[in-house]
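Worksheet for the structure shown next.
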Amino acid sequence: MSLASYILGILAALITLGVVIEMLRRRRLRERHAIWWLIAGVLALVVGVFPGVLAWAAEVVGVAVPTNLIFFVSVAILFLVCLQHSSELTALESQSRILAQRTALLTLRIEDLEKAAQASPPAPPTSPVD
Amino acid sequence: MADSPISDRIARTLVVLPALNEEGAVGEVVAEVLRSNPGISCLVVDDGSTDDTAGVAARAGAHVARLPFNIGVGGAMRLGFNYAIENGFSTVIQVDADGQHDPSEIPELLQELEGADLVLGARFAGKGEYDASGPRRWAMVLLSRILSRVAGTKLTDTTSGFRATGPRAVVLFAEHYPSEYLGDTVESLVIAARSGCVIRQVPVAMRPRAAGTPSHNPLKAATYLGRAMMALVFALMRPPIALTTGSIDNR
Ligand SMILES: Nc1nc2c(ncn2[C@@H]2O[C@H](COP(=O)(O)OP(=O)(O)OP(=O)(O)O)[C@@H](O)[C@H]2O)c(=O)[nH]1
Ligand SMILES: [Mg+2]
């Protein structure tokens with residue numbers, strides 16, 4: 001591995017971590033959603049700084065080509081992120097449907113109350129006591 | 001409740017019409033519902049229509065709830081069940097807004113509801129000449145066989161949109177009516193049956209749509225069977241929901 005690619009790997013991991021942490025700081029990302037990106041960034045940084053860790057891990061789990069382990073872990077993390085998003089999308093959809101039902105019910109209620117109020121005008125407001 | 005006079009029962013009955021772009025038919029359906037069942041209340045749920053469905057329905061004398069965007073028949077019906085509970089109705093009857101159901105058959109559904117929680121108006125039970133064909137028909141037959149077993153009674157038309165819901169089921173559905181595609185018909189039956197509701201069917205006649213376009217084209221029909229079966233399998237895999245007491249306070 002050349003020095004250039006060594007530095008590139010570390011830089012990429014640092015930038016990823018930097019962006020995620022900055023977005024967290026500005027509340028553009030909730031921890032719940034950031035956790036996978038943080039894990040990925042930290043893993044990338046560790047492997048970038050100590051390439052030996054990757055070779056060791058590949059041997060431990062019995063993966064012949066260490067880069068394949070990187071691909072496997074990347075795909076697994078992306079898969080989990082997608083699954084989490086699908087599930088939250090489902091929850092959001094169902095929440096927005098319930099909100100839509102509520103607003104429609106409330107609007108109808110207001111219209112009915114307005115009609116009732118017009119049909120029988122309320123007693124004139126009592127004068128303030130003071 | 002079983003011995004309350006029919007007019008009292010009608011006064012506590014809400015007819016809910018889910019409607020999507022039905023301005024050509026909904027007015028006449030509302031008028032017919034009100035005319036053939038004096039004293040009944042009618043709620044049209046306009047599900048994000050782009051035409052004047054809401055206006056036409058309101059002028060015909062219905063209460064109209066307007067959803068801000070389309071959420072499907074299941075979501076619209078759930079709104080109807082909640083409206084019923086909040087306004088003291090104990091019975092909900094679902095009728096298609098396209099004129100395919102005959103509102104003068106509502107009393108027959110109400111009659112059968114005396115001894116049941118959910119009554120389906122069945123189109124293939126020997127009355128009328130409604131017919132579906134191809135995959136949609138096979139799916140309907142297969143669904144009916146399986147759902148008959150789940151419900152413990154013979155059902156011949158489980159996808160019917162003409163149904164009456166009694167007090168216990170209204171409470172159940174206000175909370176748990178499914179809004180997935182096909183959930184409103186297939187899954188709602190499974191939910192009702194497994195929480196102990198008594199399900200019955202009454203033969204009804206089916207009329208051609210009064211206006212508008214049918215929602216099912218051949219391509220949709222082909223995917224119908226698969227989606228219906230999936231809806232059924234997942235419905236059966238979910239845990240049953242317990243019925244609450246079913247008392248509705250009359251406000
Ligand atoms: N709320 C709501 N209602 C809908 C929606 N789609 C259809 N409907 C209404 O549901 C009822 C039944 O719909 P149809 O399109 O007639 O379905 P169908 O009767 O099974 O099929 P057809 O044979 O085509 O008539 C009608 O009153 C429609 O206006 C929707 O997305 N939301
Ligand atoms: Mg129809």
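Residue numbers start from 1 in every chain, and the chains themselves are labelled A, B, ... in the order their sequence lines are given, proteins ahead of strands.
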Less than 4.5 Å to any heavy atom of chain B: does that hold for the side chain of [X], its backbone, both, or neither?
| X | result |
| --- | --- |
| A/E111 | side chain |
| A/T103 | side chain |
| A/I98 | side chain |

Check whether more than 12 heavy atoms from other residues, nucleotides or ligands sit under 6.0 Å from atom CD of B/E175, and answer yes or no.
no
For B/G75, is there any backbone N or O sitting under 3.5 Å from a side-chain donor or acceptor partner on A/Q101?
yes
Separation between CG of A/L105 and CG of B/L79, rounded to the nearest 0.5 Å:
4.0 Å
Interface residues of residues 45-74 of chain B facing chain A - non-hydrogen atoms under 4.5 Å apart
B/H63, B/V64, B/A65, B/R66, B/L67, B/P68, B/F69, B/I71
If contact means a heavy atom pair closer than 4.5 Å, which residues of residues 48-78 of chain A contact chain B?
none
